[in-house]
Colleague: 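Structure below; questions to follow.
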Amino acid sequence: MKEKNRLITQILLEYHGFDVSKYDDTFLNKTFRKRITQTLCNTTEEYYTLLKGKNKEGEIFFDSLNICYSHFFRNPLTFAVLERIILPELCLKTRYSKQKEIRVWSAACAAGQETYSLAMLLEELKNSDNEKINFRIFATDQSEIIINEAIEGRYSYNDLNNVNLKRVKQWFTKDGDAYTVNKELKKNIVFSVFDLLSDEFSCPPASIFGDFDLVICANLLFYYKPVYQKKILEKTGNSLTTDGFLITGEAERHILTRYNFSEVFPQSAIFNIGN
Ligand SMILES: C[S@@+](CC[C@H](N)C(=O)[O-])C[C@H]1O[C@@H](n2cnc3c(N)ncnc32)[C@H](O)[C@@H]1O
């Protein structure tokens with residue numbers, strides 16, 4: 001596998017200028033095997049020849065490494081713990097510390113499903129709280145195309161599978177076959193393009209100073225090699241307040257336990273920085 005990946009990495013860089021060296025070996029190999037099947041190549045050598053040619057295959061291979069799949073309230077246990085324990089606790093903390101607002105970073109937000117799920121929970125808490133706690137969510141993704149989709153906030157009926165009817169009625173407007181997120185839900189969210197692996201900024205410039213109570217960075221770590229996972233975890237971890245929470249995907253929990261993070265509830269994928 002390693003030798004095949006080395007060759008693919010070299011061809012993509014030499015012939016198309018794409019650097020895929022940061023991607024996890026198993027993921028790269030899976031993509032490679034998928035492209036062999038989809039291009040109907042009979043052998044790996046045949047595929048290497050295709051990839052070296054003047055055609056779109058290099059771009060197609062590179063694009064298929066950027067998985068943007070997401071859905072509302074993905075990882076049900078995580079969202080249940082957030083709704084019932086973590087977010088109410090943050091509201092209390094914010095009120096007693098006289099902090100201006102709860103600050104959240106949705107760090108690889110895809111087309112906004114994760115961000116709007118969090119916003120629904122926070123709006124509901126805010127509306128049930130007499131003292132009206134404020135919040136702001138900074139939502140980022142490396143892809144400008146996907147950020148524009150998130151800003152638009154337009155989804156199909158099937159996309160809303162995990163959103164209960166009450167929330168659909170309250171937060172979306174039906175427009176033909178599509179459902180668009182209402183302005184009311186968008187008003188506390190700032191979307192921007194941000195590459196978690198870039199050395200330029202430690203947190204989204206729109207947030208100015210980071211200091212987040214909660215960062216959600218879910219379902220992207222496992223696409224990267226350990227050295228890049230560490231870099232992303234350092235960046236997101238360093239942007240937290242002292243007792244802030246870092247959330248990953250449920251399938252990525254084992255990555256955080258390798259570093260100095262402790263899970264606040266078993267299996268929840270919600271962590272804070274250990275002692
Ligand atoms: C599989 S989606 C996960 C979306 C969402 N967090 C979730 O859990 O459903 C992965 C997202 O991570 C984004 N991404 C991948 N690498 C990134 C990076 N280096 N910086 C910022 N976003 C990145 C992709 O563009 C994609 O939208």
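Throughout, residue positions are numbered sequentially from 1 according to the sequence presented. Start at 1 and go down the list; that is how both ligands and their atoms are numbered.
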Colleague: Any non-hydrogen atom of Tyr228 lying under 4.0 Å from ligand 1?
Modeller: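 Judged by the 4.0 Å heavy-atom criterion, Tyr228 does not count as contacting ligand 1.
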Colleague: Side chains of Glu124 and Trp171, heavy atoms from C-beta outward: is any pair under 4.5 Å?
Modeller: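 Yes; the side chains approach each other to less than 4.5 Å.
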Colleague: Under the side-chain hydrogen bond (donor to acceptor under 3.5 Å, both in side chains) definition, can you give me all pairs with a residue in residues 192-209, not counting sequence neighbours?
Modeller: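 Listed by first then second residue: Asp199-Lys231.
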Colleague: Would a line drawn from the ring center of Tyr23 to the ring center of Tyr224 be shorter than 6.0 Å?
Modeller: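 Judged by ring-centre distance (under 6.0 Å), Tyr23 and Tyr224 do meet the cut-off.
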Colleague: In the protein, what heavy atom is nearest to atom 8 (O) of ligand 1, and what distance, to one decimal place, separates them?
Modeller: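 Scanning the protein heavy atoms, the shortest distance from atom 8 (O) of ligand 1 goes to Asn219 ND2, 2.8 Å.
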Colleague: If you count the atoms of ligand 1 from 1 in the order shown, which ones are under 4.0 Å from a heavy atom of Asn66?
Modeller: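 So the atoms of ligand 1 that pass are 24 (C), 25 (O).
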Colleague: Which protein non-hydrogen atom lies closest to atom 9 (O) of ligand 1, naming both residue and atom, and how far is it?
Modeller: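 For atom 9 (O) of ligand 1, the nearest protein heavy atom is Ser70 OG, 2.6 Å.
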Colleague: Atom 10 (C) of ligand 1: which of Leu65, Ile67, Ile145 has the nearest heavy atom?
Modeller: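 Nearest option to atom 10 (C) of ligand 1, by heavy atoms: Ile67.
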Colleague: Can you check whether Tyr223 has an N/O within less than 3.5 Å of an N/O in ligand 1?
Modeller: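 No, no N or O pair falls under 3.5 Å.
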Colleague: Tell me which one of Ala108, Ser106, Ala107 gets a heavy atom nearest to atom 4 (C) of ligand 1.
Modeller: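 Residue with the shortest heavy-atom distance to the ligand atom: Ala108.
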Colleague: Does Tyr157, at its OH atom, have more than 12 non-hydrogen atoms belonging to other residues, nucleotides or ligands within less than 6.0 Å?
Modeller: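 Counting other residues, nucleotides and ligands, OH of Tyr157 stays at 12 neighbours or fewer.
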Colleague: Side chains of residues 75-90: which donor-acceptor partners sit under 3.5 Å, not counting sequence neighbours?
Modeller:
residue	atom	partner	partner atom	Å
Thr78	OG1	Glu250	OE2	3.2
Thr78	OG1	Ser268	O	2.8
Glu83	OE2	Arg167	NH2	3.2

Colleague: Which residue owns the protein heavy atom closest to atom 15 (C) of ligand 1, what's the atom, and how far is it?
Modeller: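 Answer for atom 15 (C) of ligand 1: Gln142 NE2, 3.6 Å.
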Colleague: More than 12 heavy atoms of other residues, nucleotides or ligands under 6.0 Å from CG of Asp177: is that the case?
Modeller: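 At most 12 heavy atoms, drawn from other residues, nucleotides or ligands, come within 6.0 Å of this atom.
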Colleague: Over 60° means perpendicular and under 30° means parallel, so classify the ring planes of Phe18 and Phe62, tilted if in between.
Modeller: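 The rings of Phe62 and Phe18 lie parallel, inter-plane angle below 30°.
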Colleague: Evaluate Ile146 for polar contact with ligand 1, using N/O atom pairs at a separation under 3.5 Å.
Modeller: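 N/O-N/O distance under 3.5 Å: no.
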Colleague: Compare Thr248, Val193, Asp195 and give the one whose heavy atom is closest to atom 19 (N) of ligand 1.
Modeller: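 Looking at heavy atoms only, Asp195 sits closest to atom 19 (N) of ligand 1.
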Colleague: Relative to the heavy atoms of Ala218, which atoms of ligand 1 are at a distance of less than 4.0 Å?
Modeller: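 What qualifies from ligand 1 is 3 (C), 5 (C), 6 (N), 7 (C), 8 (O).
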Colleague: I'd like to check which ligand 1 atoms, numbered from 1 as shown, lie under 4.0 Å from a non-hydrogen atom of Phe194.
Modeller: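 What qualifies from ligand 1 is 20 (N), 21 (C).
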Colleague: Are Val227 and Tyr259 grouped together when hydrophobic residues (ILVMFWY) are joined by side-chain heavy atoms under 4.5 angstrom apart?
Modeller: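 In one cluster with Val227: Tyr259, yes.
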Colleague: Could you find the nearest protein heavy atom to atom 20 (N) of ligand 1 and give me its residue, atom name and distance?
Modeller: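 I find the closest protein heavy atom is Leu196 N, 2.9 Å.
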Colleague: Closer than 4.0 angstrom, basic N to acidic O: yes or no for Glu123 and Lys187?
Modeller: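 Judged by the 4.0 Å cut-off on N to carboxylate O distance, Glu123 and Lys187 do form a salt bridge.
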Colleague: Considering only heavy atoms of Leu220, which atoms of ligand 1 have at least one such atom less than 4.0 Å away?
Modeller: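 In order of numbering, the contacting atoms are 12 (O), 14 (N), 15 (C), 16 (N), 17 (C), 23 (C).
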Colleague: Taking the ring of Phe138 and the ring of Phe194, is the distance between their centroids below 6.0 Å?
Modeller: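 For Phe194 and Phe138, the ring centres are not under 6.0 Å apart.
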Colleague: Quick test: of every protein heavy atom, which one is nearest to atom 7 (C) of ligand 1, and how far off is it to 0.1 Å?
Modeller: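 Among all protein heavy atoms, the one nearest atom 7 (C) of ligand 1 is Arg74 NH1, 3.3 Å.
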Colleague: Counting non-hydrogen protein atoms only, what is the nearest one to atom 16 (N) of ligand 1? Give residue, atom name and distance.
Modeller: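 It is Tyr224 OH, 2.6 Å.
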Colleague: Does ligand 1 have an atom under 4.0 Å from some heavy atom of Gly249?
Modeller: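 Not so, Gly249 does not reach ligand 1.
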Colleague: With no hydrogens and no angle check, is any side-chain donor or acceptor of Lys174 less than 3.5 Å from a backbone partner on Gly176?
Modeller: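 Confirmed, Lys174 side chain pairs with Gly176 backbone.
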Colleague: Under 3.5 Å between any N/O of Ser143 and any N/O of ligand 1: does that happen in this structure?
Modeller: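 So ligand 1 has no N or O lying under 3.5 Å from an N or O of Ser143.
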Colleague: Checking a contact table here: which protein heavy atom is nearest atom 13 (C) of ligand 1, and how many Å away?
Modeller: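 Result for atom 13 (C) of ligand 1: Asp141 OD2, 3.4 Å.
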Colleague: At a 4.0 Å threshold, what atoms of ligand 1 neighbour a non-hydrogen atom of Ala110?
Modeller: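 Heavy-atom distances to Ala110 below 4.0 Å select 4 (C), 27 (O).
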Colleague: Return the orientation label for the Tyr47 and Phe61 ring planes: parallel under 30°, perpendicular over 60°, tilted otherwise.
Modeller: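 Tilted, since the angle between the ring planes falls between 30° and 60°.
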